[in-house]
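What follows is a single structure, written as structure tokens, with notes after it.
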Amino acid sequence: MDDCIFCRIATGKLASDIVYEDNDVIAFTDINPEAPTHLLVVPRRHIASLNTAEPADAELLGKAMLTAASLAKQRGLDGPGYRIVANTGKEAGQTVDHIHFHLLGGRFMSWPPG
Ligand code: 5GP
Ligand code: ZN
């Protein structure tokens, strides 16, 4: 989808600080980091959000989650902890309509989120 920022990043049409990529998933630094580590883990295939994800997407979404966990471990965040977030819909703060997992870590995080 040419009008989707994350599709453009996934196809190399828009520059980003890519930290991991394979045939299914890409991960890059969030342009507006909210924590010392703030990565976005994004399936290459356009899925708008968890609201439109289907059972057939389970393996891809599981792979994205495990990629986030692996990137967290590489950065030493598995000890202190980290947060994986999938904002879904406007009230939850989703601003890019291409499914993505935020990986946040490197500072203390309060609960519940604002
Ligand atoms: P959401 O608000 O949908 O949960 O998360 C979207 C995230 O994408 C935001 O944290 C925002 O900073 C990030 N973002 C938006 N546009 C770009 C971009 O062009 N490049 C990168 N690297 N991150 C972006
Ligand atoms: Zn997209």
Side-chain angles (χ1 to χ4, degrees):
M1 288 181 73
D2 261 4
D3 57 347
C4 170
I5 297 173
F6 289 174
C7 280
R8 289 174 61 79
I9 288 176
T11 52
K13 291 177 186 153
L14 186 63
S16 68
D17 176 28
I18 295 169
V19 297
Y20 175 81
E21 60 182 322
D22 62 28
N23 286 339
D24 301 314
V25 171
I26 186 165
F28 50 91
T29 307
D30 195 293
I31 205 168
N32 182 25
E34 299 288 358
T37 294
H38 188 172
L39 303 179
L40 298 170
V41 183
V42 180
R44 285 186 187 276
R45 186 154 56 76
H46 184 91
I47 301 168
S49 80
L50 280 172
N51 276 332
T52 57
E54 296 177 355
D57 301 319
E59 191 174 338
L60 179 61
L61 296 179
K63 184 171 178 181
M65 291 281 274
L66 290 174
T67 299
S70 167
L71 290 167
K73 202 171 274 189
Q74 278 174 25
R75 285 158 179 73
L77 294 171
D78 50 329
Y82 57 88
R83 191 171 287 176
I84 294 173
V85 176
N87 294 324
T88 304
K90 294 284 172 284
E91 268 197 21
Q94 184 176 5
T95 58
V96 176
D97 289 334
H98 179 136
I99 201 165
H100 51 282
F101 297 98
H102 295 258
L103 167 61
L104 296 149
R107 66 167 171 80
F108 186 85
M109 277 171 248
S110 59
W111 188 264

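In listed order, ligands and their atoms are each counted from 1. Starting from 1, each residue takes its place in the sequence as its number. Being a predicted model, the structure only gives us computed values, none of them experimental.
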| said: If you apply the rule side-chain contact (heavy atoms from CB on, under 4.5 Å), what do you find for Glu59 with Asp24, and how did you get there? | reply: CA-CA 10 Å; Glu59 191 174 338; Asp24 301 314; over 6 Å; no

Which pairs of nitrogen or oxygen atoms, taken one from ligand 1 and one from the protein, are under 3.5 angstrom apart?
unit_1: ligand 1; atom_1: 2 (O); unit_2: Gly93; atom_2: O; d: 2.9
unit_1: ligand 1; atom_1: 2 (O); unit_2: Thr95; atom_2: N; d: 3.3
unit_1: ligand 1; atom_1: 2 (O); unit_2: Thr95; atom_2: OG1; d: 2.7
unit_1: ligand 1; atom_1: 3 (O); unit_2: Thr95; atom_2: N; d: 2.7
unit_1: ligand 1; atom_1: 3 (O); unit_2: Thr95; atom_2: OG1; d: 3.3
unit_1: ligand 1; atom_1: 3 (O); unit_2: Val96; atom_2: N; d: 3.0
unit_1: ligand 1; atom_1: 3 (O); unit_2: His100; atom_2: NE2; d: 3.0
unit_1: ligand 1; atom_1: 4 (O); unit_2: Asn87; atom_2: ND2; d: 2.8
unit_1: ligand 1; atom_1: 4 (O); unit_2: His100; atom_2: NE2; d: 3.1
unit_1: ligand 1; atom_1: 4 (O); unit_2: His102; atom_2: NE2; d: 2.8
unit_1: ligand 1; atom_1: 5 (O); unit_2: His100; atom_2: NE2; d: 3.0
unit_1: ligand 1; atom_1: 5 (O); unit_2: His102; atom_2: NE2; d: 3.1
unit_1: ligand 1; atom_1: 10 (O); unit_2: Asp30; atom_2: OD1; d: 3.2
unit_1: ligand 1; atom_1: 10 (O); unit_2: Asp30; atom_2: OD2; d: 2.5
unit_1: ligand 1; atom_1: 12 (O); unit_2: Asp30; atom_2: OD1; d: 2.5
unit_1: ligand 1; atom_1: 22 (N); unit_2: Thr29; atom_2: O; d: 2.9
unit_1: ligand 1; atom_1: 22 (N); unit_2: Ile31; atom_2: N; d: 3.4
unit_1: ligand 1; atom_1: 23 (N); unit_2: Ile31; atom_2: N; d: 3.3

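- A donor-acceptor contact shorter than 3.5 Å links the side chain of Thr67 to the backbone of Lys63.
- Atom ND1 is the N, O or S atom of His98 at the shortest distance from the Zn ion (ligand 2).
- Looking only at distances, a side-chain donor or acceptor of Gln94 sits under 3.5 Å from a matching main-chain atom of Gly89.
- Checking side-chain atoms of Arg44 against main-chain N and O of Ala10 turns up a donor-acceptor pair under 3.5 Å.
- Formation of a donor-acceptor pair under 3.5 Å by the His102 side chain with backbone atoms of His100 is not found in this model.
- Checked against Leu71 for a side-chain contact (heavy atoms from CB on, under 4.5 Å), the options Leu39, Thr37, Leu77 give a single hit: Leu39.
- Angle SG(Cys7) to the Zn ion (ligand 2) to ND1(His46): 110° [nearest 10 degrees].
- Looking only at distances, a side-chain donor or acceptor of Thr88 sits under 3.5 Å from a matching main-chain atom of Ala86.
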